[in-house]
Structure formats: C-alpha cells, structure tokens
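Have a look at the structure below before the remarks.
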Amino acid sequence: MKQRLLALQLLKLLLLLPLPPLPRALREARCCPEPCNCTPDGALRCPGPAAGLTRLSLAYLPVKVIPSQAFRGLNEVIKILIQNTKNLIHIEPGAFTNLPQLKYLSICNTGIRKFPDVTKIFSSEINFILEICDNLHITTIPGNAFQGMNNESITLKLYGNGFEEVQSHAFNGTTVISLVLKENVHLERIHNGAFRGATGPSILDISSTKLQALPSHGLESIQTLIATSSYSLKKLPSREKFVNLLDATLTYPSHCCAFRNVPTKDYPAIFAESEQSGWDYDYGFRLPKTPRCAPEPDAFNPCEDIMGYDFLRVLIWLINILAIMGNMTVLFVLLTSRYKLTVPRFLMCNLSFADFCMGLYLLLIASVDSQTKGQYYNHAIDWQTGSGCSTAGFFTVFASELSVYTLTVITLERWHTITYAIHLDQKLRLRHAILIMLGGWLFSSLIAMLPLVGVSNYMKVSICFPMDVETTLSQVYVLTILILNVVAFIIICACYIKIYFAVRNPELMATNKDTKIAKKMAILIFTDFTCMAPISFFAISAAFKMPLITVTNSKVLLVLFYPINSCANPFLYAIFTKTFRRDFFLLLGKFGCCKHRAELYRRKDFSVYTSNYKNGFTGSNKPSQSTLKLSALHCQGTALLDKTCYKEY
C-alpha cells in the first residue's frame with residue numbers, strides 16, 4: 001500500500017516538471033509544409049530547389065509576412081495556393097519571382113492590405129490563372145499591376161475583395177481572356193484608361209458592384225458582358241463601343257434596347273477576316289448580328305422613347321403650352337379682378353390650378369422626352385426610379401383627381417343654385433365652398449402620395465402612371481381611383497340633365513336659347529366623356545391584369561384624350577364666357593390697353609345696376625320671391641354656359 005502511494009506521488013511530480021522544447025525542425029513542420037518554414041518573426045519562406053514539387057498549398061498558417069524571394073528556386077511548381085491565412089498582412093515585392101512553370105496562383109481570404117506584386121513571376125504558361133479573392137483590406141488595383149506576370153494570355157479572378165478603384169493602365173502589357181470583378185461590393189470606379197496597353201478582355205464580369213460607369217476605352221474586345229445586380233450602373237457607353245459583343249447579361253431590361261437594330265453605318269468596313277465571324281452578309285452589305293441580351297424588355301418598358309411616335313412629340317408640346325397658358329390666364333384674371341370672390345370664382349380658381357398642374361406634368365414629360373430622344377434606354381433607370389418620375393406622377397394624379405373633384409363640385413353647385421333659387425338660406429356660401437375644396441385637396445394629395453409610400457408606384461412605365469398592380473393593395477388602389485372617376489362622371493351627367501330640364505321653361509326664355517343651352521351642356525358632357533371614358537376603360541382592364549392596349553398605344557391616349565379637360569376647361573368655364581371677357585378687358589384697361597372696350601364694360605355694369613335699382617332690388621330689404629326666382633332662373637338660363645353667375649343680391 002505504501003509502495004502504491006509512493007508511485008502516485010512520483011507520477012504527480014513528473015507531470016509538474018516542464019517538458020523539454022521540441023526540435024526546431026519538428027516545430028516548423030507542424031505549421032508549414034515542406035519545403036517551407038515559418039520563422040519566429042511570423043515570416044514564411046519556401047526556398048528551392050525542390051525536385052518534383054508541383055503544388056504548394058498554404059492554408060490556416062499563423063504567418064504575418066511573405067518576404068521577398070520567399071519562393072525562389074521553385075522552378076517546377078505549377079500551382080500555389082495561399083488561402084484562409086487571416087494573419088497574413090503583407091506580401092513583400094518580389095515574393096513571387098522567376099516561377100516559369102507557374103500556371104495557377106491563388107491568394108484568398110487573407111489580411112493583406114496592398115495588392116500583391118506579381119510582376120516578376122515571368123510565367124511562360126498559356127492561360128495563366130490569377131485568383132485574388134476575399135481579401136477585404138485591398139482597396140486599389142494599381143497601374144501596371146500584372147505587367148511581367150505572363151507573356152501569354154491570362155485569366156483574372158479578382159472577386160469578393162475590398163476594391164474601390166481600378167487605376168489607369170492597370171492591365172497594361174497583358175492579354176486578358178477573362179476578367180472577373182464580381183462581388184467587389186465597394187468597387188465604384190474603373191478608370192477610363194484601365195485597359196490601355198492591354199489586349200482584351202473578351203469576358204468581363206462586374207456583377208454585384210457599385211460601378212456607375214464602364215471605361216470608355218477597351219470595350220471593343222468584349223464578347224461576353226455580365227453585369228447582374230449592378231444597380232448603380234444605370235448608363236452604358238455608346239453601343240458603338242461594343243463592336244464584338246455577342247452575349248450580355250445585364251441588370252436592367254432597358255439596357256438591352258441598346259443592342260437591338262444596330263444600324264450598319266455604325267460599323268465601318270475595316271475589320272480583318274478573323275474579326276468578321278460575328279457578321280451576317282446580305283446583298284453585299286455586312287449586317288451585325290444582334291447580341292443575345294437578358295433580361296428582355298417587357299410590355300411595360302418597350303424599346304422606345306417616352307413618346308413612341310413623332311407626331312405625339314409635336315402634339316404634347318402644343319397641348320401642354322395650351323393648358324399652362326390658358327389656366328395661368330384664368331387664374332391671373334380671376335385673382336386680380338375688382339369683383340369680390342364669389343363661390344363660382346373660387347371654384348373656378350381651384351379648377352384652373354388643377355388643370356395648370358396637369359400642364360406642368362405634360363411639360364415635364366415632353367422635356368425629358370426631348371432630352372433623351374434616341375437614347376432613352378440609357379436614361380430610363382435614372383428617370384423612372386428617380387425623383388423626376390415621382391414628381392411627374394404626383395402631379396398627374398393630384399391634378400386629375402382635383403380636377404374631377406372640382407368639376408363635380410361646380411356641377412352640383414349649379415344644380416343646387418337652380419333647385420333652391422328662391423331659398424336664400426340654403427345658398428352655398430364661400431365658407432362652405434372652402435371647406436368642401438379643402439377636403440378635395442386633402443383627398444387628391446393623399447391619392448397622389450400613396451404610390452410614393454409603396455401602394456403601387458410611379459416607376460413601372462416611362463410616362464409615370466401608377467400602373468403597378470402586382471399586389472392586391474395596388475389593384476384596389478388603381479380600381480378605386482377609376483371607379484370614383486366613373487361615379488363623378490355619372491353625377492356630372494345627371495346634374496346637367498336636371499339643369500337642362502329646369503331652365504328650358506318656355507315662359508322664361510326663347511326656344512333658340514333653350515337650344516343654345518342644350519348644345520353647350522352637350523359640349524361639357526362630351527369633353528368629360530372623351531377625357532374619362534377611354535382612359536378608364538383600358539385602365540380597368542389593365543388593373544385586372546388583362547390589358548387591351550399596349551403601353552405604346554396608351555401614349556396616344558395620354559396626349560390626345562387624357563389632357564382634354566385641362567385644355568378645354570379654361571375656355572369652356574371661363575375664357576369663352578361674357579363675364580370673364582368683362583374681367584379680362586377691365587384688367588387690360590388698368591394697364592392702359594383696350595381702354596375703349598373696358599369703358600364699355602364699365603358703362604354696362606352701371607346700366608345693369610341702375611336697372612336693378614328701378615326694378616325693386618334696393619327698394620326694400622328683400623326682393624319679392626317672384627322677382628328673385630325670375631332673376632335667378634334667368635341668370636342660370638341665359639348665363640349658364642357663362643359658367644359663373646356673378647350677380648350678387
């Protein structure tokens with residue numbers, strides 16, 4: 001028993017004694033493969049010669065530095081892999097020197113902070129492959145970074161790094177077959193001269209980068225272009241740069257429009273026979289093959305300018321100028337008139353402002369179309385996803401809804417005035433009209449704001465209509481607008497019919513005036529119907545995902561039918577009326593113009609006032625009911641299509 005206890009004590013004592021250090025060669029073998037060694041200062045050295053060594057794999061090593069001449073003498077090595085070595089922060093210049101048979105060099109997932117020097121490799125192998133990936137601390141590819149690496153063709157796999165910039169002449173002195181820069185998520189700029197002095201690349205992959213533009217030089221050799229998920233690349237160089245492009249996989253469908261129907265004149269006949277394999281021949285002319293391109297443009301964004309037809313480009317300018325000038329004139333005259341602001345005047349001001357906003361929408365669309373003519377594919381993304389299209393979309397929805405709302409209120413006000421002509425206590429007051437129109441402004445603003453916060457959107461088409469109906473909520477939104485517009489049209493029609501039957505009493509007016517009123521009412525209803533019916537019909541079908549008309553043809557509706565009310569309203573409701581002409585000439589008279597005409601209107605006003613005085617309007621506190629009714633109906637009947645009865649009692 002005592003012997004056993006003594007043995008246990010001796011064993012414990014041995015365990016507490018420090019172990020002798022391992023031999024240096026054994027310690028180095030634990031971390032570095034032959035013939036490499038890891039020095040105590042964290043440097044890696046793999047000196048040769050080493051007969052028969054063709055592959056060198058260095059992974060998960062604790063080294064910090066690869067010094068100059070680290071791989072000197074490895075004349076037979078074909079592949080060097082330096083991977084998953086996070087402690088490695090520096091590769092000294094000249095580390096890779098004189099490796100004539102090296103065909104594959106991979107430096108991945110390390111902590112290096114500077115692009116490694118590979119210019120002294122002097123490999124003689126065809127299609128040398130350099131893989132530099134997942135090195136998040138390298139920010140720049142410098143000039144002449146690959147010169148001297150290989151005298152033949154090379155493939156560069158430079159993906160997943162921290163690159164922010166590729167400097168000028170970066171690929172100078174090389175023949176690049178494939179350049180892969182994908183997943184460099186911070187890469188924003190490739191210098192215009194980055195490919196100067198280089199041949200190629202034939203394949204360029206810039207997917208998942210922040211590049212905003214491609215270099216202007218060196219794109220002629222590209223046969224395959226891959227740029228998926230490159231959302232910052234919204235504009236491509238001119239299509240003449242891609243003379244050899246055969247296959248393109250891009251981010252935005254509109255960019256594929258650049259490679260469709262390329263005109264022959266863009267391709268001078270100066271190519272060698274070896275360069276003509278991608279061309280078709282027909283009737284003695286060389287016609288370029290259309291490159292394969294994805295994603296294809298869809299029905300909502302066809303390959304065309306904002307205005308698909310030339311005649312629309314002319315008409316939209318005429319219409320928007322007419323709408324803007326007409327409504328500005330009405331607003332200016334009404335707001336500067338010496339007469340008090342009545343309910344009809346107030347409503348007319350609101351209608352003119354709404355139609356003026358519609359003119360601004362058309363002006364914005366026409367301006368962008370003129371600026372992007374022939375190259376809309378290069379501006380489509382900036383326009384449709386930017387603030388410009390959102391502003392235009394807000395203007396058009398706000399303007400159209402406020403215009404429809406105001407037209408409905410004007411019609412109801414006229415019907416109410418005639419129906420309750422002898423009931424002064426039921427007359428619509430200005431304060432009531434202000435509250436009603438405040439509701440209209442809030443409603444129109446809300447409807448126009450919803451696409452900006454995700455309920456449908458204005459980005460779907462180039463004319464910035466809220467045509468996105470992919471979600472149920474978006475469908476409900478679009479259908480609600482259309483149904484409300486149809487209901488408003490029905491109310492307007494019903495009220496005008498009632499007004500017509502109310503004022504056609506033969507005891508109060510002659511038959512020819514009865515006919516005149518009927519014609520003018522028909523004009524009002526016809527303009528409303530022409531504006532609303534085509535748009536509503538085709539829009540409802542599209543909202544149910546059964547479009548009956550293409551986006552191209554819908555632009556005809558946009559120009560010829562959609563703005564009819566905005567152009568016609570200032571004339572039908574104001575400019576063509578006697579009262580507006582009076583206000584207009586009185587205003588001109590203030591500025592010294594048309595003085596004679598202005599004086600005639602002043603005398604006429606005085607004559608009407610004197611006549612009303614003699615007929616009893618001021619002889620008592622209240623006019624008789626029969627006189628009031630006759631006067632009110634006469635005002636509504638003979639001046640109905642003057643659109644505003646300014647008479648005050």
Side-chain angles (χ1 to χ4, degrees), residues 190 192 204-207 209-216 219-220 222-267 278 287-310 312-313 316 364-393 457-465 467-468 550-556 558-559:
I190 297 179
N192 282 335
L204 177 62
D205 188 348
I206 53 169
S207 301
T209 64
K210 286 186 178 180
L211 281 175
Q212 299 180 9
L214 288 174
S216 58
L219 304 180
E220 297 81 4
I222 295 177
Q223 297 181 7
T224 301
L225 175 63
I226 305 172
T228 59
S229 301
S230 297
Y231 298 105
S232 298
L233 187 64
K234 299 178 181 180
K235 187 174 182 179
L236 295 178
S238 61
R239 58 192 177 190
E240 291 86 355
K241 298 287 186 181
F242 298 96
V243 293
N244 288 306
L245 187 67
L246 300 176
D247 195 356
T249 305
L250 308 174
T251 303
Y252 300 110
S254 60
H255 286 163
C256 286
C257 298
F259 307 114
R260 288 189 173 186
N261 303 319
V262 182
T264 307
K265 65 180 180 180
D266 291 339
Y267 293 82
L287 300 176
K289 287 183 177 179
T290 301
R292 295 182 297 272
C293 189
E296 288 284 337
D298 56 23
F300 288 99
N301 292 283
C303 291
E304 64 184 21
D305 293 330
I306 295 180
M307 292 289 100
Y309 302 104
D310 287 336
L312 293 180
R313 187 169 284 115
I316 194 171
L364 188 54
I365 292 292
S367 300
V368 175
D369 175 66
S370 65
Q371 293 172 7
T372 61
K373 181 182 178 182
Q375 283 200 340
Y376 179 67
Y377 58 84
N378 252 344
H379 303 272
I381 309 306
D382 271 336
W383 166 245
Q384 290 178 220
T385 63
S387 59
C389 199
S390 296
T391 302
N457 63 68
Y458 295 123
M459 298 184 290
K460 191 75 171 180
V461 293
S462 60
I463 53 179
C464 308
F465 279 6
M467 295 182 68
D468 185 1
T550 64
V551 170
T552 301
N553 293 331
S554 70
K555 294 172 184 177
V556 178
L558 166 71
V559 176

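These values consider heavy atoms only, across backbone and side chains, with no hydrogens, waters or symmetry-generated copies.
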Open item on the list: I want to check something: taking the side chain as every heavy atom from C-beta on, are S230 and L211 in contact at a cut-off of under 4.5 Å?
Closed with: no

Task: Min side-chain heavy-atom separation L214-I206 under 4.5 Å - done: yes

Task: Ion pair check, K235 and D382, cut-off under 4.0 Å - done: no

TODO: For N301 and K460, indicate whether the former's side chain and the latter's backbone hold a donor-acceptor pair under 3.5 Å.
DONE: yes

TODO: Spell out, as yes or no, whether a donor-acceptor pair under 3.5 Å connects the side chain of H255 to the backbone of T249.
DONE: no

Open item on the list: For a quick test of reading the model, state the closest non-hydrogen atom pair linking I365 to S462 and the distance between them.
Closed with: CD1-O, 4.2 Å

Task: Nearest-0.5 Å distance that lies between atom CD1 in I463 and atom CD in Q384 - done: 10.0 Å

- [ ] Mark yes or no for whether K210, through its side chain, and S232, through its backbone, hold a donor-acceptor pair below 3.5 Å.
- [x] no

Task: Within-4.5 Å side-chain heavy-atom neighbours: L233 and T251 - done: no

Task: Nearest heavy atoms of V461 and C389, plus distance in Å - done: O-SG, 4.2 Å

Open item on the list: I'd like to know if the side chain of D310 reaches the main chain of R313, judged simply by a donor and an acceptor atom lying under 3.5 Å from each other, with no hydrogens or angles considered.
Closed with: no

Task: Pairwise side-chain contact, C256 with Y377, heavy-atom cut-off 4.5 Å (strictly under) - done: no

Task: Pairwise side-chain contact, T224 with L246, heavy-atom cut-off 4.5 Å (strictly under) - done: no

TODO: Taking all non-hydrogen atoms of both residues into account, name the closest pair between A392 and W383 and its distance.
DONE: CB-CH2, 4.2 Å

Open item on the list: Any non-hydrogen side-chain atom of T385 less than 4.5 Å from a side-chain atom of Y231?
Closed with: no

- [ ] Report the distance from atom CG of L225 to atom CG of L219, rounding to the nearest 0.5 Å.
- [x] 8.5 Å

Task: Closest heavy-atom pair and its distance - I381, S254 - done: CD1-OG, 3.5 Å

TODO: Hey, could you give me the CD/CG distance between E296 and L250, rounded to the nearest 0.5 Å?
DONE: 10.5 Å

TODO: Kindly compute the distance separating CG (D305) from NZ (K373), expressed to the nearest 0.5 Å.
DONE: 8.0 Å

Task: Student check: side-chain heavy atoms of E304 and K555 closer than 4.5 Å - done: yes

Open item on the list: Looking at every heavy atom in both I316 and A366, which two are closest together, and how far apart are they?
Closed with: CG2-CB, 3.7 Å

- [ ] For Y376, check ring-ring contact (aromatic ring centres under 6.0 Å, His included) against everything at least two apart and list the hits.
- [x] none

Task: Heavy-atom check, side chain of L312 versus side chain of D369, under 4.5 Å - done: no

- [ ] Please list, chain by chain and in numerical order, all residues satisfying ring-ring contact (aromatic ring centres under 6.0 Å, His included) with Y309, sequence neighbours excluded.
- [x] F311

Task: Exercise: identify the closest heavy-atom pair between P253 and P297 - done: O-CG, 3.5 Å

